[in-house]
Amino acid sequence: MKALILSGGTGSRLRPFTHSTAKQLLPVANKPVLVHCLENIRDAGITEAAVIVGTHAAEISQVVGDGSAFGLDLTCLHQDRPLGLAHCVQLAAGFLGDDDFVMYLADNVFADGIAEAAEAFAADRADALLLVQPVADPRAYGVAEVGADGRVHRLVEKPAEPAGDLAVLGVYFFTSRIHRAVAGLRPSARGELEITDAIQRLADGGALVRAHRYDGYWKDTGRAEDLLDCNRELLGRLTGPVVHGDVDAASTLSGPVVIGPGARVRGSHLVGPLAIAAGSTVTDCTIGPYVSVGRDCVLRHAAVADSILLEGAVVDGVPALDRSIIGRWARIGRSAAARHQLFVGDHANAEVAA
C-alpha cells in the first residue's frame, strides 16, 4: 500500500498565519500537523508516499525532505492551484499505479493513528474504505449514509437535512478502481473535482464502499480554535516531567512538563501539561496548563495558559494571555489588567492594551 498526502490549499481560515506558513506546518504539541500525519502513515506500515504541495511547496519540502527522517520514501508532486481532492488522485496516478493507497488530508489530526483502519481495509478488500465518526451537527460535513452491513450507499456534502450523523473524515483507503471513477469527472459548483463524486460513482457502479468508524480523537485543524483544541488533547497525553534543559531552584514544576535541550527556566512556575522546546527561555513566568512553547522563544514576566507559541515568539510583561496563538518571531508586550486572546501572525509586533 502507498500513501497520498494532500498538503496543498491556501488555509484561508487560518490567516494571518498562513500568509507565510503552510497550514499543515502549524504545530500542535510542538510538532507540525503534517509530521503527525507522516508518523501515522509510517506506523501503519506504509513506506512509500507522495505529498501534493502547492503555494508553500519549498517550505514543506524543507521540513519533510526525502522522508527518510520519518521512515518513508517520499515524493513531492506540485498542484498549481487547488482543483479538488479527485484532481490530486489524477495528478498522482503515475506514482500510485495499480497499488492500493490511503489518501490522507494533512490538516487532519488522528491522535490514535490509522493502523487499525489500514488493517481493516486490507482484510475486507473493499474498493473504498471511508473513516467516519458521529458528529453533533452533520450539516457542516460530508455525510455518509450507511446500511446495517456497513456499506456506504450515498454521500451528501453538507446536507440541510442529514439522513444520519456520520461525518466523513480526512482519511480514505482505495484500490486502483478509484482511478476509473475520477476519470471524466466534471467540476462541481465550486470549480473542483470532488472525491465524493468519484466515491458515489463507485457505489452506484456496484463497487464495495464501506464505512469504518473511527473511535479515536480526530480534529480537522482548519481554524485557530481547532488547533488550540487539538493542542490540548495531545498535550494531555504527555507523561513527565521530562527535563533536558536547565531549571533553577527558584522554579517549580507541576504535572507533566517536557523541557527541551538548551531551554532555560528561571524563577517560574510551570503547570503541565506543557511543552517547552529547545533553546527557549522562561523568566519570572507562570506558564500552563496546555501551552506549547516553540523553539527559541522568550517569555518574561508573563502568564500564559492554553496557548501555542511558534518558533522565536517573545511574550514580555503580559500577565494574562489565554487561548492564543503567537506566530513565528512575533513580539507581544506591555502589561494588561484583563485576560486576552490573541491570534498574532509571524514577525508581528503587538502591544496588549489594558
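The closest donor-acceptor contact from the side chain of Tyr172 to the backbone of Ile195 lies at 3.5 Å or more, if one exists at all. When atom types are taken as modelled, the side chain of Asp107 and the backbone of Gly222 share no donor-acceptor pair closer than 3.5 angstrom. Proximity of a side-chain donor or acceptor of Lys2 to a complementary backbone N or O of Phe95 within less than 3.5 Å is detected. In this structure, His301 contributes its side chain and Val315 its backbone to no donor-acceptor pair below 3.5 Å. Not a single donor-acceptor pair under 3.5 Å links the side chain of Asp165 to the backbone N or O of Ala136. A distance-only check finds no donor-acceptor pair linking the side chain of Ser188 to the backbone of Glu194 [under 3.5 Å]. Side-chain atoms of Glu39 do not come within 3.5 Å of backbone N or O of Leu34 as any donor-acceptor pair. Judged purely by atom type and a 3.5 angstrom limit, Ser280 has no side-chain atom pairing as donor or acceptor with the backbone of Ile276. Listed for the Ser307 side chain is a donor-acceptor partner under 3.5 Å among the backbone atoms of Ala305. Distance alone, capped at 3.5 Å, is enough to place a donor-acceptor pair between the Gln200 side chain and the Leu155 backbone.
By the 4.5 Å heavy-atom criterion applied to side chains, Leu166 and Gln133 are not counted as neighbours. Leu227 places a side-chain heavy atom less than 4.5 Å from the side chain of Val28. A 4.5 Å side-chain heavy-atom check between Leu74 and Glu48 finds every atom pair outside the cut-off. Contact of the Ile287 side chain with the Val282 side chain is registered, since non-hydrogen atoms from C-beta on lie closer than 4.5 Å. When side chains are defined from C-beta on, Val63 counts as touching Leu25, because their heavy atoms get closer than 4.5 Å. Two residues are said to be in side-chain contact when any heavy atoms from C-beta on lie closer than 4.5 Å; Leu130 and Val209 meet this criterion. Looking at heavy atoms from C-beta onward, Pro27 lies in side-chain contact with Leu310 at the 4.5 angstrom threshold.
Arg237 and Asp112 are joined by a salt bridge, as a carboxylate oxygen and a charged side-chain nitrogen come within less than 4.0 angstrom of each other. A salt bridge links Arg323 with Asp229: the closest approach of a Lys/Arg side-chain nitrogen to an acidic carboxylate oxygen falls below 4.0 angstrom. Arg328 has a carboxylate O that lies under 4.0 Å from a charged side-chain N of Glu59, or vice versa, which qualifies the two as a salt bridge. Remark: Arg139 engages Asp137 in a salt bridge, criterion side-chain N to carboxylate O under 4.0 Å. Salt-bridge formation is detected for the pair Arg210/Asp124: a Lys NZ or Arg NE/NH1/NH2 atom is positioned less than 4.0 Å from an Asp or Glu carboxylate oxygen. Using a 4.0 Å cut-off between charged side-chain N and carboxylate O, Glu225 and Arg223 make no salt bridge.
Annotation: cation-pi pair Lys158/Tyr141 absent, no NZ/CZ under 6.0 Å from the ring centroid and within 45° of its normal. Within the cation-pi definition used here (under 6.0 Å to the ring centroid, within 45° of the axis), Arg232 qualifies as a partner of Tyr290.
Atom-to-atom distance recorded for Leu91:CG and Leu6:CG is 10.0 Å, nearest 0.5 angstrom. Of the inter-residue distances, the one linking Leu274 atom CG with Ile259 atom CD1 reads 7.0 Å to the nearest 0.5 angstrom. Residue Asp99 holds its CG atom at 12.5 Å from CG of Leu4, rounded to the nearest 0.5 Å. Taking OG1 of Thr196 as the start and CZ of Arg154 as the end, the distance is 12.0 Å to the nearest 0.5 Å. Rounding to the nearest 0.5 Å places CD of Gln90 at 9.5 Å from SG of Cys88. Rounding to the nearest 0.5 Å places CZ of Phe101 at 8.5 Å from CZ of Phe121.
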Fill in: Working for side chain to side chain donor-acceptor pair (under 3.5 Å), residues His87 and Gln79
CA-CA 9 Å; His87 180 253; Gln79 186 183 40; 2.9 Å; yes
Practice prompt. Apply side chain to side chain donor-acceptor pair (under 3.5 Å) to Ser292 and Asn231, showing your working.
Written response: CA-CA 8 Å; Ser292 294; Asn231 191 61; 2.7 Å; yes
Worksheet item: Yes or no on side chain to side chain contact (heavy atoms under 4.5 Å, CB included) for Ile41 and Ile5, after CA distance, side-chain angles and deciding distance?
Response: CA-CA 9 Å; Ile41 287 168; Ile5 303 161; 3.5 Å; yes
Fill in: Verdict with reasoning, Thr47 to Asp73, per side chain to side chain donor-acceptor pair (under 3.5 Å)
CA-CA 6 Å; Thr47 58; Asp73 180 4; over 6 Å; no
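Ala211 approaches Val152 most closely through the heavy-atom pair N-CG2, 3.7 Å. In this structure, Val171 and Ile114 approach most closely via the heavy-atom pair CG2-CG2, 4.3 Å. Residues Thr221 and Asp226 come closest through the heavy atom pair CA-CB, 3.8 Å. Scanning all heavy atoms of the two residues, the minimum distance from His78 to Ala57 falls at CD2-CB, 3.9 Å.
More than 12 heavy atoms of other shown residues, nucleotides or ligands fall within 6.0 angstrom of atom CD in Glu157.
Using modelled atom types and a 3.5 Å distance limit, the side chains of Asp127 and Thr175 yield a donor-acceptor pair.
When ring centroids are compared, Tyr104 and Phe110 come within the 6.0 Å threshold.
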Side-chain donor/acceptor pairs under 3.5 Å, residues 245-257, sequence neighbours excluded:
unit_1 : atom_1 : unit_2 : atom_2 : d
Asp246 : OD2    : Arg266 : NH2    : 2.6
Asp248 : OD1    : Ala250 : N      : 3.3
Asp248 : OD1    : Ser251 : N      : 3.1
Asp248 : OD1    : Ser251 : OG     : 2.7
Asp248 : OD1    : Gly267 : N      : 3.2
Asp248 : OD2    : Gly267 : N      : 3.3
Ser251 : OG     : Gly267 : N      : 3.0
Ser251 : OG     : Ser268 : N      : 3.0
Thr252 : OG1    : His269 : ND1    : 2.4

